[in-house]
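Quick notes on the structure that follows.
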Protein chains: 2
Amino acid sequence: MSQHRHPGAPGRAGAVPTLPDLPEATVARLPEYLRALHNLADAGHETVSSEGLSAAAGVNSAKLRKDLSHLGSYGTRGVGYDVALLIEQIEYVLGLTQRRAVALVGVGNLGHALAGYDGFASRGFRIAALLDADPSRVGEEINGLVVRHVDDLPTVAAEESLAIGVIATPAAAAQQVADQLVAVGVTSILNFAPCVLSVPEGVDVRKVDLAIELQILSFHEHRKASLTALPATGGTALTALPGGFAATDTQEAIGT
Amino acid sequence: MSQHRHPGAPGRAGAVPTLPDLPEATVARLPEYLRALHNLADAGHETVSSEGLSAAAGVNSAKLRKDLSHLGSYGTRGVGYDVALLIEQIEYVLGLTQRRAVALVGVGNLGHALAGYDGFASRGFRIAALLDADPSRVGEEINGLVVRHVDDLPTVAAEESLAIGVIATPAAAAQQVADQLVAVGVTSILNFAPCVLSVPEGVDVRKVDLAIELQILSFHEHRKASLTALPATGGTALTALPGGFAATDTQEAIGT
DNA sequence: CGCGATTTGTGCACGTCTTCACAAGCGCCT
DNA sequence: AGGCGCTTGTGAAGACGTGCACAAATCGCG
Ligand SMILES: NC(=O)c1ccc[n+]([C@@H]2O[C@H](COP(=O)([O-])OP(=O)(O)OC[C@H]3O[C@@H](n4cnc5c(N)ncnc54)[C@H](O)[C@@H]3O)[C@@H](O)[C@H]2O)c1
Ligand SMILES: NC(=O)c1ccc[n+]([C@@H]2O[C@H](COP(=O)([O-])OP(=O)(O)OC[C@H]3O[C@@H](n4cnc5c(N)ncnc54)[C@H](O)[C@@H]3O)[C@@H](O)[C@H]2O)c1
C-alpha cells in the first residue's frame with residue numbers, strides 16, 4: 001500500500017519530525033499497550049501478535065491493529081510486532097523520550113500518596129516539585145523532596161522546565177492554582193479536585209474524579225438490580241409500570 | 001411532544017420503576033451535572049437554564065439538554081430546570097437514593113488517602129470496610145474504621161451488602177483481590193492498580209490509572225511542541241483540535 | 001522454489017456521540 | 001387576550017469510533 005512515511009523515533013535528532021495526528025481514542029489506549037508491552041518484554045517475549053497484545057491490554061485485536069497502523073507499519077505479517085521496537089515507537093509518539101517534570105500542588109491527604117508513588121518515575125515522569133499553601137507543610141520532606149510554598153512556583157518554573165502540573169488541593173483552591181500554573185507556562189494539568197477548571201486555549205486539562213467513577217458504577221448497579229428484580233417477562237423485560245402513568249412513547253427500542 | 005412518562009424518583013416506593021437506558025456517554029456526564037447542581041443549590045439558585053448549567057459543568061448546552069431529555073422532561077420552556085427536582089431525578093437514576101457500601105482493599109499509600117477522604121460520604125457512598133493482606137496493617141484504625149484481613153471478606157460481605165469494591169493494592173495482587181471480591185458477590189469494581197482485570201460477565205470494572213492520564217497529557221505536550229516548532233503553516237494556527245472528545249473526557253480550554 | 005499457514009493492515013458498514021438549528025411551549029407584560 | 005422574548009426538547013446531519021472480514025505480505029518447510 002501507500003508507503004508510510006511516519007518519522008518514527010529513530011535516533012535521528014535535530015529536526016522536529018511530524019507527528020501523525022492520532023484519533024483521541026487511540027491516544028488514550030496507547031499507554032495501555034505500552035504497559036502490556038513492558039510486561040511482555042520483562043517476560044522475555046521478543047515479538048507479539050496483535051491477538052496476544054490485545055488480550056494483554058484488554059481490547060479487541062482489530063482495534064489494536066488499527067491503532068498501531070496509525071503510527072506507521074511496524075509489524076511483520078505472519079510474525080507479529082517486535083516488542084522492543086513497538087515500545088520505542090509508542091514512547092516516542094507519547095513524548096516519553098524525555099522525562100517530563102511534574103509539579104504537584106497540594107500535599108495533603110492525596111498529595112502525600114502521590115508524592116510517594118513510584119509509578120511516576122517508572123513511567124517516564126519525574127516529580128520536580130511539591131508545593132503547598134499551608135506554611136506548616138512547607139519544609140516537610142517527602143521522598144527526598146522538600147515541600148515548597150506555592151508562591152515559589154515562578155522560581156521553580158525558572159529552575160526546571162515544568163511540563164505538567166498536578167492539582168491535589170481542595171476544589172475551592174483549584175482554579176486559583178490552575179491560574180498560577182498557567183501563569184508560569186504550564187500547558188498540561190491533571191486535576192484531582194472535583195471541579196471544572198477554566199483555562200486559556202492551548203492548555204490541556206484532564207481530571208480524575210473518584211466520585212464520578214463511583215457514581216457511574218452505582219448507575220450500573222442500579223440498572224442491574226432493576227433488571228434482575230423483574231420477573232423474566234418474555235423478551236421485553238422493561239415494562240414495569242411506575243406509580244400510574246401511561247406507558248407511552250420513548251422511541252428507545254427496548255428489549256432485544 | 002408526546003408526553004414523557006419516565007418514572008422518576010417520586011416518593012412512590014414499591015414497584016421497581018423502569019430505568020431509561022441511557023447512552024454511556026450520558027451516564028458519564030450525569031455526575032458532573034449533579035455536582036454542578038449541588039453547587040447551584042448551595043448558592044441559592046432555584047432554577048437554572050441549560051446554558052447556565054452547561055457552563056457550570058463545562059459542556060455544550062445542546063449536549064446537556066439532550067442528556068437530560070433522556071431522563072424525561074423535567075425542564076420548563078422559557079424558564080429552565082428546577083434545581084432541586086433535577087438533583088432528585090439524577091440521584092435517582094444514578095442509584096444514589098440508597099447509600100452504597102464500599103469495600104476498600106489495600107490500605108497502603110493510596111488506600112490511606114482514600115480511607116481518609118470525605119468525598120465518599122458527601123457523594124452518596126459509605127466505606128463499609130478496610131481490608132489488607134499485611135498482618136501488620138490489620139487492626140490499625142483509620143477514621144473510625146478498623147483494618148481487617150482480606151480473608152475476612154466473606155464475613156464482611158455477610159454483615160453488609162457490599163455494592164462496590166475498590167482495589168488499591170499493587171498490580172500483582174489486583175487480579176486475586178478482584179476474584180475474591182467477585183466471589184463474595186461484588187459486581188462493581190473500581191481498580192487503581194495499573195493492570196487489566198478479568199472478571200465474569202455482569203461485573204463492571206472501571207479503572208483509574210494515573211500514569212495513563214499523564215501519558216495522554218504528555219502526548220499533547222509533544223504534539224503542541226512539534227506544532228509550535230513548525231513555521232506558521234497557514235493562518236489557522238489553533239484549529240487543530242477536532243470537536244468532540246471521547247467519553248473519557250478531556251477538557252480543552254474552556255472559559256473565555 | 002513453491003505452497004500453505006499465519007498475521008498484518010485496511011475497506012467497509014454500522015453504531016454511537018456531538019452539534020446545529022429551530023419549532024413548540026411557557027411566562028410575563030401590555 | 002394577544003404578543004413577545006426566552007428556553008426547552010429534538011430532528012437531522014455529520015464526525016467519530018468499532019469490529020468484521022479479507023486481501024496482501026511474510027515465514028518456514030518440504
Ligand atoms: N484523598 C483522596 O483520596 C481523594 C480522592 C479523590 C479526590 N480527592 C480530591 O483531591 C483534593 C485533595 O484531597 P485531600 O484529601 O488531599 O485534601 P487535603 O485537605 O488533605 O489536602 C489539601 C492540601 O492542599 C493544600 N492547599 C490548599 N489550598 C492551597 C492552595 N491555594 N495552593 C496550594 N495548596 C493548597 C492544603 O494546605 C492541603 O495540604 C481534594 O479536592 C479532594 O476532593 C481526594
Ligand atoms: N500511591 C499513589 O499515589 C498511586 C497512584 C495511582 C495508582 N496507584 C496504584 O495503587 C496501588 C496501591 O498503591 P500504593 O502506593 O498504595 O501501594 P502500597 O504498597 O503502599 O499499598 C499496597 C497495599 O496493598 C496491600 N496488599 C498487597 N497485597 C494484597 C492482597 N492480596 N490483598 C489485600 N491487600 C494487599 C499491601 O499490604 C499494602 O498495604 C498500586 O497498584 C499503585 O500502582 C497508586
Side-chain angles (χ1 to χ4, degrees), chain A residues 1-6 20-30 33 45-55 57-83 85-86 89 248-253 256, chain B residues 1-6 20-30 32-33 45-55 57-83 85-86 89 239-252:
Chain A
M1 298 299 86
S2 49
Q3 74 236 23
H4 280 272
R5 63 78 230 271
H6 286 313
D21 67 347
L22 309 172
E24 231 358 77
T26 296
V27 174
R29 282 187 296 264
L30 288 181
Y33 303 155
H45 293 72
E46 297 205 341
T47 64
V48 63
S49 69
S50 64
E51 206 65 47
L53 181 54
S54 69
V59 304
N60 177 302
S61 72
K63 184 152 51 178
L64 175 125
R65 287 198 297 278
K66 186 151 293 184
D67 282 341
L68 295 186
S69 77
H70 290 297
L71 309 188
S73 203
Y74 294 116
T76 307
R77 293 172 193 227
V79 177
Y81 298 91
D82 181 292
V83 173
L85 175 60
L86 203 46
Q89 287 305 323
T248 44
D249 76 282
T250 317
Q251 15 104 261
E252 309 293 355
T256 311
Chain B
M1 293 296 82
S2 47
Q3 75 235 26
H4 278 272
R5 65 78 230 269
H6 285 313
D21 67 346
L22 309 172
E24 246 336 275
T26 296
V27 174
R29 283 186 295 264
L30 288 181
E32 308 251 25
Y33 303 154
H45 292 73
E46 299 204 340
T47 65
V48 64
S49 69
S50 65
E51 206 64 49
L53 182 53
S54 69
V59 304
N60 178 303
S61 72
K63 182 151 55 178
L64 175 125
R65 286 198 299 277
K66 184 147 291 186
D67 283 341
L68 295 186
S69 76
H70 290 298
L71 309 188
S73 204
Y74 295 116
T76 306
R77 296 175 192 225
V79 178
Y81 299 91
D82 181 292
V83 173
L85 175 62
L86 203 47
Q89 287 304 323
T239 324
L241 304 178
F245 282 71
T248 341
D249 61 340
T250 299
Q251 98 185 56
E252 166 87 14

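Chain identifiers are assigned alphabetically (A, B, ...) following the order of the sequence lines, protein sequences preceding nucleic acid strands; residue numbering begins at 1 within each chain.
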Rounded interatomic separation in angstrom, taking OH from B:Y81 and C1' from D:dC6 = 13 Å
Side chain of A:K66, base of D:dG19: donor and acceptor closer than 3.5 Å?
-> yes
So which one's nearest nucleotide on DNA chain D is more toward 5', A:G78 or A:P23?
-> A:P23
What's the closest nucleotide to the A:E24 side chain, out of C:dT10, D:dT8, D:dG17?
-> D:dG17
Separation of A:E51 atom CD from D:dC20 atom P, in whole Å?
-> 10 Å
For the pair made of CG in B:L53 and C1' in D:dT7, what is the distance, rounded to whole Å?
-> 13 Å
Donor-acceptor pair present, B:R77 side chain and D:dT8 base, under 3.5 Å | yes
In whole angstrom, what separates A:L71's CG from C:dT8's C1'?
-> 14 Å
Specify the separation, in whole Å, of atom CG of B:D21 and atom P of C:dC17.
-> 11 Å
Out of C:dG9, C:dC22, C:dC17, which has the shortest distance to the side chain of B:A25?
-> C:dC17
Nucleotide nearest A:N60 when distance is taken to its side chain, options D:dG17, C:dT10, D:dG19 = D:dG19
Looking at A:D67, A:L64, A:L68, A:N60, which hits side chain to side chain contact (heavy atoms under 4.5 Å, CB included) with A:S50?
-> A:L64
Heavy-atom closest pair (B:V59 atom, B:R29 atom, distance to 0.1 Å) is CG1-CD, 4.2 Å
Whole-Å distance, B:K63 NZ to D:dT7 P, equals 21 Å
Rounded to the nearest angstrom, tell me the gap between atom CG in B:L22 and atom C1' in C:dG15.
-> 17 Å
Length of the CZ-C1' vector between A:R65 and D:dA25, whole Å | 14 Å
Nearest listed nucleotide, side chain of B:S49, among C:dG9, C:dT18, D:dT8 = D:dT8
Mind listing the closest non-hydrogen atom pair of B:P20 and B:H70 along with its distance?
-> CB-O, 3.5 Å
Closest nucleotide among C:dT18, D:dG9, C:dC20 to the B:A62 side chain = C:dC20
Enclosure of B:E24 CD (heavy-atom neighbours >12, cutoff 6.0 Å) = yes
Between B:A57 and B:Y33, what is the shortest heavy-atom contact and its length?
-> CB-CD2, 3.7 Å
Given D:dT8, is OP1 or OP2 found less than 4.0 Å from the side-chain N or O atoms of B:S50?
-> yes
